[in-house]
Chemist: 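Here it is: the structure, laid out below.
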Amino acid sequence: MDQYRTSGVLDEDAYRETSWFWISRKRIWFIRIFAVIMGLFAILMMIVRDYLYVVLFLIFTVLFAMGPWLLRKLSLHRTLKRIHEVRAEPVRIETFFTVEGISLCNLSSEVRAVLPYENIRAAAETEHYFFLNTKANQFTLVFKNCLTPEQQESFLPFLKEKCPRLKIMR
């Protein structure tokens, strides 16, 4: 099971590249639906000729339409701020896959943990990482630069086999 052993640095670049996957797709769709509803209310108020509410609903429409972008930006800013407050050096992590789950090792502090496969709810692929998200909205990264092209191709099917309820985010 050591075929997907990777290690790398969890730094600002990693956070920036994966930050689009921090917000769940359900939440994004929920926000978009509210943007459409607010837009429809704005049109309705235009028909009724109540221009104060037209402006109000248009403001809400714009805020909800920008919601996913704003959430991502705020989450990323908050995370990077916490990182800079707590430590000066990036964290080196190692991930590998065992029979029980994903073994995580913080190489900077020698803390180890095993994340059971049934807790993985979503995965995504970026240019440099495979992003794995848990039910509790925690995440880990698998570093693509440590994998061969064949391993990169077979990684998501392997993970899908281990986690049958896994959602692949695009």
Side-chain angles (χ1 to χ4, degrees), residues 1-33 35 65-170:
M1 278 273 196
D2 241 15
Q3 64 181 351
Y4 298 112
R5 180 181 290 264
T6 68
S7 66
V9 177
L10 191 56
D11 57 3
E12 281 191 41
D13 293 334
Y15 286 118
R16 288 184 196 284
E17 188 172 328
T18 60
S19 65
W20 281 110
F21 301 110
W22 296 357
I23 304 167
S24 73
R25 297 291 170 216
K26 286 181 184 178
R27 185 171 290 159
I28 289 173
W29 277 108
F30 188 73
I31 291 170
R32 287 179 180 164
I33 288 170
M66 292 177 53
W69 180 81
L70 286 171
L71 278 174
R72 175 199 165 260
K73 203 77 165 152
L74 289 172
S75 297
L76 179 61
H77 175 73
R78 192 176 331 119
T79 300
L80 294 179
K81 189 175 178 180
R82 286 179 186 154
I83 287 171
H84 290 140
E85 283 179 356
V86 176
R87 64 187 181 303
E89 64 186 55
V91 175
R92 289 195 53 79
I93 61 170
E94 179 182 46
T95 57
F96 58 94
F97 296 81
T98 64
V99 175
E100 300 90 34
I102 303 167
S103 183
L104 308 168
C105 179
N106 181 334
L107 298 175
S108 302
S109 64
E110 293 299 321
V111 173
R112 297 181 183 276
V114 174
L115 187 61
Y117 289 118
E118 59 266 9
N119 290 344
I120 303 295
R121 73 171 169 95
E125 183 176 0
T126 68
E127 184 180 350
H128 300 104
Y129 312 102
F130 286 106
F131 175 86
L132 308 177
N133 200 1
T134 68
K135 293 176 184 175
N137 220 18
Q138 299 181 74
F139 72 89
T140 190
L141 300 177
V142 175
F143 299 88
K144 289 172 86 174
N145 63 345
C146 297
L147 302 174
T148 65
E150 295 81 24
Q151 288 175 319
Q152 290 178 23
E153 289 293 321
S154 65
F155 179 72
L156 288 176
F158 161 79
L159 203 58
K160 188 75 172 160
E161 179 183 312
K162 294 290 184 181
C163 316
R165 303 183 83 195
L166 182 75
K167 293 180 182 174
I168 306 296
M169 297 185 287
R170 305 273 177 221

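We count residues from 1, following the sequence as given.
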Chemist: Taking all non-hydrogen atoms of both residues, which atom of Lys160 and which atom of Leu166 are closest, and how far apart?
Modeler: NZ-O, 2.5 Å

Chemist: Could you tell me whether Arg165 atom CZ has more than 12 heavy atoms of other residues or ligands within 6.0 Å of it?
Modeler: no

Chemist: Counting only heavy atoms not in Glu153, do more than 12 sit closer than 6.0 Å to its CD atom?
Modeler: no

Chemist: Looking at every heavy atom in both Ala122 and Met169, which two are closest together, and how far apart are they?
Modeler: CB-CE, 3.9 Å

Chemist: Between the side chain of Glu17 and the main-chain N/O of His128, is any donor-acceptor distance below 3.5 Å?
Modeler: yes

Chemist: Is there a donor-acceptor contact under 3.5 Å from the side chain of Lys162 to the main chain of Gly101?
Modeler: no

Chemist: Checking Glu12 side chain against Leu80 main chain: does a donor-acceptor pair fall under 3.5 Å?
Modeler: no

Chemist: Compare all side-chain heavy atoms of Phe139 with those of Thr134 and state whether any distance is below 4.5 angstrom.
Modeler: no

Chemist: Are the side chains of Leu107 and Ile93 in contact, using a 4.5 Å heavy-atom criterion?
Modeler: no

Chemist: Give me the atom names and distance for the closest heavy-atom approach of Ala65 to Ala35.
Modeler: N-CB, 3.7 Å

Chemist: Report yes if some heavy atom in the side chain of Leu141 is under 4.5 Å from a heavy atom in the side chain of Phe131; otherwise report no.
Modeler: yes

Chemist: So, Ser75 side chain and Arg72 main chain: donor-acceptor pair closer than 3.5 Å or not?
Modeler: no

Chemist: Verify the neighbour count for atom NZ of Lys73: are there more than 12 heavy atoms of other residues, nucleotides or ligands below 6.0 Å?
Modeler: no

Chemist: How close do Ile31 and Pro68 get, counting heavy atoms only, and between which atoms?
Modeler: CG2-CD, 3.7 Å

Chemist: How long is the span from the CG atom in Asn145 to the CD atom in Glu127, to the nearest 0.5 Å?
Modeler: 11.5 Å

Chemist: Would you say Ser7 and Arg92 make side-chain contact, with heavy atoms under 4.5 Å?
Modeler: yes

Chemist: Determine whether Leu132 and Leu159 make a side-chain contact, defined as any pair of heavy atoms from C-beta on separated by less than 4.5 Å.
Modeler: yes

Chemist: Is there side-chain contact between Arg121 and Asn137, with at least one heavy-atom pair below 4.5 Å?
Modeler: yes

Chemist: ring-ring contact (aromatic ring centres under 6.0 Å, His included) with Phe155: which residues, sequence neighbours excluded?
Modeler: Tyr4, Phe97, Phe130

Chemist: Taking C-beta and beyond as the side chain, do Phe21 and Asn133 meet within less than 4.5 Å on heavy atoms?
Modeler: no

Chemist: Give a yes or no on whether the backbone of Leu147 and the side-chain of Gln152 come within a donor-acceptor separation of less than 3.5 Å.
Modeler: yes

